[in-house]
Amino acid sequence: MSNKLNTPKGTRDHLPVDVRKREYIFKAIAKAFQSYGYQPIETPSFELSSTLMGKYGDEGDRLIFRILNSGEKVKKADVQALQNDELAKFANSISEKALRYDLTVPFARFVVQHQNDLCFPFKRYQIQPVWRADRPQHGRYQEFYQCDGDVVGSDSLRNEVELIRIIKQVLSGLNLPGFTIKLNNRKVLSGIAEVCGVEQELIALTVALDKLDKIGKEGVVDELVSKGFSQEVLDKIDPLFGLEGSFETRLEKLKVFLRGSEIGLKGLEELSFVHSKLQDFDANHELLELDVTLARGLNYYTGIIIEVKAHEVEMGSICGGGRYDDLTGLFGLKGLSGVGISFGADRIYDVLNSLNLFPASLSEGPEVLFLNFSESTADQCDVWANVLRSRDHIVEVYPSASKLQKQMKYANDRGAKWVVFYGDEEAAKQQVVLKNMSDGTQTSYSAGSWINEWLG
RNA sequence: GAGGUUGUAGCUCAGUUGGUUAGAGCGUCGGAUUGUGGUUCCGAAGGUCGCGGGUUCGAGACCCGUCUUCCUCCCCA
């Protein structure tokens with residue numbers, strides 16, 4: 001091999017065993033969404049750049065993969081812009097399409113475009129890959145699957161409740177032993193900023209707060225100081241760092257903190273409602289956590305925000321979401337509220353893998369492998385194999401009459417449960433020999449009726 | 001986008017202050033064993049030392065660039 005082969009940065013191949021594991025995750029997610037009446041949709045891998053650009057903030061725009069124009073369109077290149085060092089303008093002149101960055105913005109486009117064909121409230125789920133031109137890191141890829149579920153056209157908080165139930169159903173179904181569903185509300189964050197008199201610096205404040213569990217209180221304070229926040233503000237938010245206790249306890253403390261902010265109290269009311277509807281499954285107060293430092297970067301969220309962390313493994317959030325009051329407004333359809341969550345299938349994969357939580361049955365090979373001794377006996381084996389397949393068994397016939405040792409090694413490597421011997425010797429005696437590969441025992445059956453006898 | 005790190009056989013890795021023909025284990029293939037796997041023994045194939053340039057009598061090793069790996073930051077699933 002002259003060139004070193006590799007997949008592009010941040011991408012991976014998936015071996016058969018990996019694909020089975022991923023399908024196991026996708027199935028659990030799809031099943032949960034379906035059980036709540038969510039319907040599947042798909043959208044194209046790429047969108048018009050104008051659909052995506054400007055929806056994720058400057059950071060997001062930088063991470064969107066652009067698709068180069070082809071053919072005659074190359075001539076549209078704005079060389080003047082390049083010479084003037086106007087790189088964004090130049091990029092727009094050579095690219096009109098881009099790979100989708102997430103599933104939410106394309107979904108908003110989808111809803112606006114097909115509003116006459118949809119029945120609202122519209123609940124959909126979508127499992128497709130997305131692409132980000134990010135630096136790869138642990139649990140971060142340039143191509144990864146998102147599994148989104150959203151409801152649009154209903155501002156009822158019961159949708160939030162439902163989505164949280166779905167999260168629990170999925171992660172419990174995957175036997176993930178420990179995870180925390182963190183909740184916050186953009187309105188609470190706005191309220192905090194209001195109480196502190198720094199409404200204009202809301203983003204800087206929340207971005208710093210968001211890092212609390214990572215860099216600690218001192219780190220957050222340092223960052224706020226460097227961003228120019230006054231000592232007065234730091235003193236005011238100090239109680240937020242020490243927020244402890246149950247969901248209810250934190251709610252009460254925050255009610256005091258936010259008593260001067262109408263919007264902040266509204267946010268607390270929403271959180272309280274959602275929490276009260278989930279008492280049954282959070283009886284031990286282990287799943288739901290009110291975390292005022294939870295911010296989430298995407299700036300289209302306006303209400304409750306959700307983030308899920310797995311315990312016992314270093315990994316970013318495995319699921320996130322929230323309410324956005326006017327996402328479709330970006331595309332001209334006003335007044336349609338939505339709420340959604342997004343499972344990071346690749347991160348869930350990494351978590352389940354490192355905790356060894358995939359069922360062993362996923363890697364099983366064929367149930368039955370027919371050895372190949374000759375053309376004529378293999379033809380007979382094909383007939384039997386098709387009978388077994390019609391009865392839902394996974395069956396292979398070895399394709400050529402290779403040395404038996406080689407065929408047996410194949411059976412072993414593939415993890416075949418049973419191997420069928422039907423060669424000239426067996427044909428002469430009108431019998432079939434079945435070998436159990438796990439204990440090595442062999443049993444003879446009459447060639448005319450062995451399938452029924454064997455299957456009992 | 002900033003900083004650091006990595007790359008030698010299909011895989012995991014040795015390779016001395018720069019010095020003849022670059023090694024091992026595993027895997028693969030062949031044989032011991034022409035109808036019986038997971039164990040054993042013997043043998044073989046497999047390398048532009050990531051790629052490009054430079055320094056040097058001489059580079060896998062040193063320098064520069066580039067791509068890739070992993071990590072920290074930014075941001076995020």
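Side chains included, hydrogens not; waters and symmetry mates left out as well; all remaining heavy atoms used. Chain naming here is simple, since letters A, B, ... match the order of the sequence lines and numbering starts at 1 in each.
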Quiz item: Does the side-chain ring of A:Phe343 sit on the six-membered ring of the B:A77 base, less than 5.5 Å centre to centre and under 30° in tilt?
Solution: no
Quiz item: So what's B:U16 paired with, Watson-Crick or G-U wobble, going by both distances under 3.5 Å?
Solution: none
Self-check item: Of the listed nucleotides B:U68, B:G37, B:A77, the one nearest the side chain of A:Lys9
Solution: B:U68
Practice problem: Go ahead and name the base partner of B:U72; Watson-Crick or wobble counts if both distances stay under 3.5 Å, otherwise write none. | Solution: B:A2
Quiz item: Is there a donor-acceptor contact under 3.5 Å from the side chain of A:Gln128 to the main chain of A:Thr43?
Solution: yes
Quiz item: Where the side chain of A:Phe421 is defined as all heavy atoms beyond and including C-beta, which of B:C74, B:U69, B:G35 is the nearest nucleotide?
Solution: B:G35
Exercise. Looking at every strand, decide which applies to A:Gly415 at a 4.0 Å heavy-atom threshold: base, sugar-phosphate, or nothing.
Key: nothing
Quiz item: Ignoring hydrogens and angles, are the base of B:C75 and the side chain of A:Arg140 linked by a donor-acceptor pair under 3.5 Å?
Solution: yes
Exercise. Examine A:Phe421 together with A:Phe370 and report whether their ring centres are nearer than 6.0 Å.
Key: no
Practice problem: Looking at every strand, decide which applies to A:Gly440 at a 4.0 Å heavy-atom threshold: base, sugar-phosphate, or nothing. | Solution: base
Exercise. Looking only at side-chain atoms of A:Leu404, point me to the closest of B:C75, B:G37, B:G35.
Key: B:G35
Quiz item: Now, which nucleotide makes the Watson-Crick or G-U wobble pair with B:G25, with each of the two distances under 3.5 Å?
Solution: B:C11
Exercise. Report the distance from atom OH of A:Tyr398 to atom P of B:U36, rounded to the nearest whole Å.
Key: 15 Å
Quiz item: What is the nucleic acid contact for A:Lys309, judged by heavy atoms within less than 4.0 Å: base, sugar-phosphate only, or nothing?
Solution: nothing
Quiz item: Do A:Tyr38 and A:Phe33 have ring centroids that are under 6.0 Å from one another?
Solution: yes
Quiz item: Which base, if any, makes a Watson-Crick or G-U wobble pair with B:U39, both distances under 3.5 Å?
Solution: none
Quiz item: In whole Å, what is the span from the CG atom of A:Asp13 to the P atom of B:U69?
Solution: 12 Å
Exercise. Using a 4.0 Å heavy-atom cut-off across all strands, classify A:Val207 as base, sugar-phosphate, or nothing.
Key: sugar-phosphate
Practice problem: Specify the separation, in whole Å, of atom CD1 of A:Ile341 and atom C1' of B:C76. | Solution: 17 Å
Quiz item: Quick one: which of B:U33, B:G38, B:C75 gets closest to the side chain of A:Asn412?
Solution: B:G38
Quiz prompt | Closest-nucleotide ordering on RNA chain B, the 5'-leading residue of A:Thr11 and A:Gly344 | solution = A:Thr11
Self-check item: Sugar-phosphate, base or nothing in reach of A:Gly423, heavy atoms under 4.0 Å
Solution: base
Quiz prompt | Step-by-step ring-ring contact (aromatic ring centres under 6.0 Å, His included) determination, A:Tyr422 to A:Trp384 | solution = CA-CA 11 Å; A:Tyr422 182 73; A:Trp384 286 325; 4.8 Å; yes
Quiz item: At under 4.0 Å between heavy atoms, what does A:Ser317 touch on the DNA or RNA strands: base, sugar-phosphate, or nothing?
Solution: sugar-phosphate
Quiz item: What's the closest nucleotide to the A:Lys211 side chain, out of B:U68, B:C75, B:A77?
Solution: B:C75
Quiz item: Any chance the side chains of A:Glu396 and A:Tyr410 put a donor and an acceptor closer than 3.5 Å?
Solution: yes
Quiz item: Is there a donor and acceptor pair closer than 3.5 Å between the side chain of A:Arg135 and the base of B:C76?
Solution: no
Self-check item: Closest nucleotide among B:U36, B:A77, B:C76 to the A:Gln442 side chain
Solution: B:U36
Exercise. Report yes if at least one side-chain N or O of A:Lys409 is closer than 4.0 Å to OP1 or OP2 of B:U36; otherwise report no.
Key: no
Practice problem: Indicate, with a heavy-atom threshold strictly under 4.0 Å, whether A:Tyr410 touches base, sugar-phosphate, or nothing. | Solution: nothing
Practice problem: Report yes if a donor N or O on one partner sits less than 3.5 Å from an acceptor N or O on the other, where the partners are the side chain of A:Gln407 and the base of B:U36; otherwise report no. | Solution: no
Self-check item: N/O (side chain, A:Gln137) to phosphate O (OP1/OP2, B:U72) under 4.0 Å
Solution: yes
Practice problem: For the pair A:Asn184 (side chain) and A:Leu294 (backbone), establish whether a donor and an acceptor sit closer than 3.5 Å, ignoring hydrogens and angles. | Solution: yes
Practice problem: Find the partner of B:C62: check Watson-Crick (N1-N3 plus N6-O4 or O6-N4) and G-U wobble (N1-O2, O6-N3) distances, both under 3.5 Å, and reply none if neither fits. | Solution: B:G54
Practice problem: Answer yes or no: side-chain N or O of A:Glu426 and base N or O of B:G35 forming a donor-acceptor pair under 3.5 Å. | Solution: yes
Exercise. Examine the base of B:U36 for any acceptor or donor lying under 3.5 Å from a partner atom in the side chain of A:Lys435, and report the outcome as yes or no.
Key: yes
Quiz item: When you measure from the side chain of A:Asp413, which nucleotide among B:G38, B:U28, B:U36 comes out closest?
Solution: B:U28
Exercise. Look at A:Glu201 together with A:Lys227 and state whether they make a salt bridge at an N to O cut-off of under 4.0 Å.
Key: no
Exercise. Would you tell me if any nitrogen or oxygen in the side chain of A:Lys403 comes within less than 4.0 Å of OP1 or OP2 on B:G30?
Key: no
